[in-house]
Amino acid sequence: MDSLGVVEVVSIASGAELTDGMVKVADVELVRATPLCSGRFLIYVSGDREAVQTSVLHARNSQKKLVDSFVISNISPLLVEGLKKNEPARRGEALGIVECRNVSAGINAADKAVKKSEVRLLKFVSGQGIMGKSFFVLGGDVAAVREAVEVASEVLADRLVEAVVIPNPAEAMASALTGGVR
């Protein structure tokens, strides 16, 4: 997998139908297809760049109303791991928390942030229980986290809800946010 396609659809029913079409028009792997709490539907497909572009183009050309869509080529392995599982914070590292208006834009911003700076993606939360928004948590030294948060904020533009850097977080807060501290 070198590319990730992300499509966020306004309707659950439309999302299911689009998912079916997206995996039929190109040789892609369906990574995830799931409803979000706001009544939206999120689709992740992976594969080689051309196949993923074809699949996402199918969604864009449909008559379905999309919230957003992206194709991310040369996807960071850190993003892929962050989508699969959380990583605990390290004692003394700074944390950056970036909150986004939707999921697809958050994924794109997280990918750009981890590619630009020496940070770790500790957690990525997509849509469930937070009104269709997303947020992610970055860890590293203060300067790298600040740089990554700035990059993510620029990428998100008007899709940014809030972004903060906590230089020396309390261990209890870091553990609650990331699922542990080591």
Side-chain angles (χ1 to χ4, degrees), residues 1-86 98-117 119 121-138 148-161 163:
M1 168 181 79
D2 75 335
S3 294
L4 180 71
V6 181
V7 175
E8 193 171 344
V9 188
V10 170
S11 157
I12 294 168
S14 292
E17 184 178 33
L18 266 183
T19 302
D20 183 62
M22 288 173 66
V23 298
K24 287 178 177 174
V25 300
D27 183 21
V28 293
E29 176 186 346
L30 180 59
V31 175
R32 186 173 185 189
T34 187
L36 301 174
C37 66
S38 61
R40 297 179 188 164
F41 197 85
L42 180 65
I43 307 160
Y44 300 150
V45 295
S46 65
D48 69 54
R49 181 183 172 129
E50 185 176 319
V52 170
Q53 286 178 326
T54 299
S55 183
V56 171
L57 187 60
H58 170 80
R60 289 178 183 156
N61 290 337
S62 74
Q63 298 300 308
K64 307 302 180 192
K65 187 170 181 185
L66 305 185
V67 175
D68 217 337
S69 65
F70 290 97
V71 173
I72 305 172
S73 296
N74 302 317
I75 190 154
S76 168
L78 293 174
L79 178 62
V80 175
E81 288 305 310
L83 292 174
K84 292 179 183 176
K85 64 181 174 98
N86 298 337
V98 180
E99 184 179 357
C100 318
R101 295 199 190 285
N102 63 27
V103 177
S104 50
I107 290 170
N108 189 46
D111 183 64
K112 300 280 193 247
V114 299
K115 285 178 179 174
K116 179 68 176 173
S117 300
V119 294
L121 180 60
L122 305 178
K123 184 174 192 171
F124 188 93
V125 177
S126 57
Q128 292 295 46
I130 54 175
M131 301 297 290
K133 296 189 296 183
S134 65
F135 74 91
F136 56 93
V137 181
L138 304 167
V149 167
E150 286 176 19
V151 167
S153 297
E154 288 171 11
V155 167
L156 287 167
D158 65 341
R159 295 180 186 122
L160 176 68
V161 174

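Heavy atoms only: backbone and side chains are in, while hydrogens, waters and symmetry mates are out.
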Short side-chain to backbone donor-acceptor contact, Asp2 and Arg49, under 3.5 Å
yes
Measuring from atom CD1 of Ile72 to atom OG of Ser46, what distance do you get when rounded to the nearest 0.5 angstrom?
12.0 Å
Taking only residues at least two apart or on different chains, which pairs with a member in residues 33-44 satisfy salt bridge (charged side-chain N to carboxylate O under 4.0 Å, His left out)?
Glu8-Arg40
Taking the side chain as everything from C-beta on, heavy atoms only, tell me whether Leu121 gets closer than 4.5 Å to Leu138.
yes
Of all the heavy-atom pairs spanning Val45 and Ser55, show the shortest one and how long it is.
CG2-OG, 3.9 Å
Test side-chain hydrogen bond (donor to acceptor under 3.5 Å, both in side chains) applied to Glu99 - qualifying residues, sequence neighbours left out:
Lys133
Within the side chain of Ser62, is there an N or O that forms a donor-acceptor pair under 3.5 Å with the backbone of Ala59?
yes
With sequence neighbours left out, the residues meeting side-chain hydrogen bond (donor to acceptor under 3.5 Å, both in side chains) with Asp111 are Lys115
Heavy atoms, side chains only, cut-off 4.5 Å: are Ile12 and Leu36 in contact?
no
Answer yes or no: is there a side-chain heavy-atom contact under 4.5 Å between Leu79 and Phe136?
no
Under 3.5 Å donor-acceptor pairs involving side-chain atoms of residues 149-160, not counting sequence neighbours:
from, atom 1, to, atom 2, distance (Å)
Ser153, OG, Val149, O, 2.9
Arg159, NE, Asp68, OD2, 3.1
Arg159, NH2, Asp68, OD2, 3.2

Apply side-chain contact (heavy atoms from CB on, under 4.5 Å) to the pair Leu4 and Val52, showing each step before the final yes or no.
CA-CA 7 Å; Leu4 180 71; Val52 170; 6.0 Å; no
side-chain hydrogen bond (donor to acceptor under 3.5 Å, both in side chains) partners for Ser76, two or more places apart
none
Measuring from atom CG of Asp48 to atom CD of Gln53, what distance do you get when rounded to the nearest 0.5 angstrom?
9.0 Å
Could you go through Leu30 and Met22, starting from their C-alpha distance and side-chain angles, then the distance that decides it, and tell me whether this counts as side-chain contact (heavy atoms from CB on, under 4.5 Å)?
CA-CA 9 Å; Leu30 180 59; Met22 288 173 66; over 6 Å; no
Considering all heavy atoms, the nearest Ala26-Ala51 contact:
CB-O, 3.3 Å
In short, side-chain hydrogen bond (donor to acceptor under 3.5 Å, both in side chains) pairs touching residues 15-27 with sequence neighbours left out are Glu17-Lys64, Asp20-Lys24
Polar side-chain atom of Ser134 near backbone of Asn102 as donor-acceptor pair, under 3.5 Å
yes
Closest approach of Phe70 and Val56, non-hydrogen atoms and distance?
O-CG2, 4.1 Å
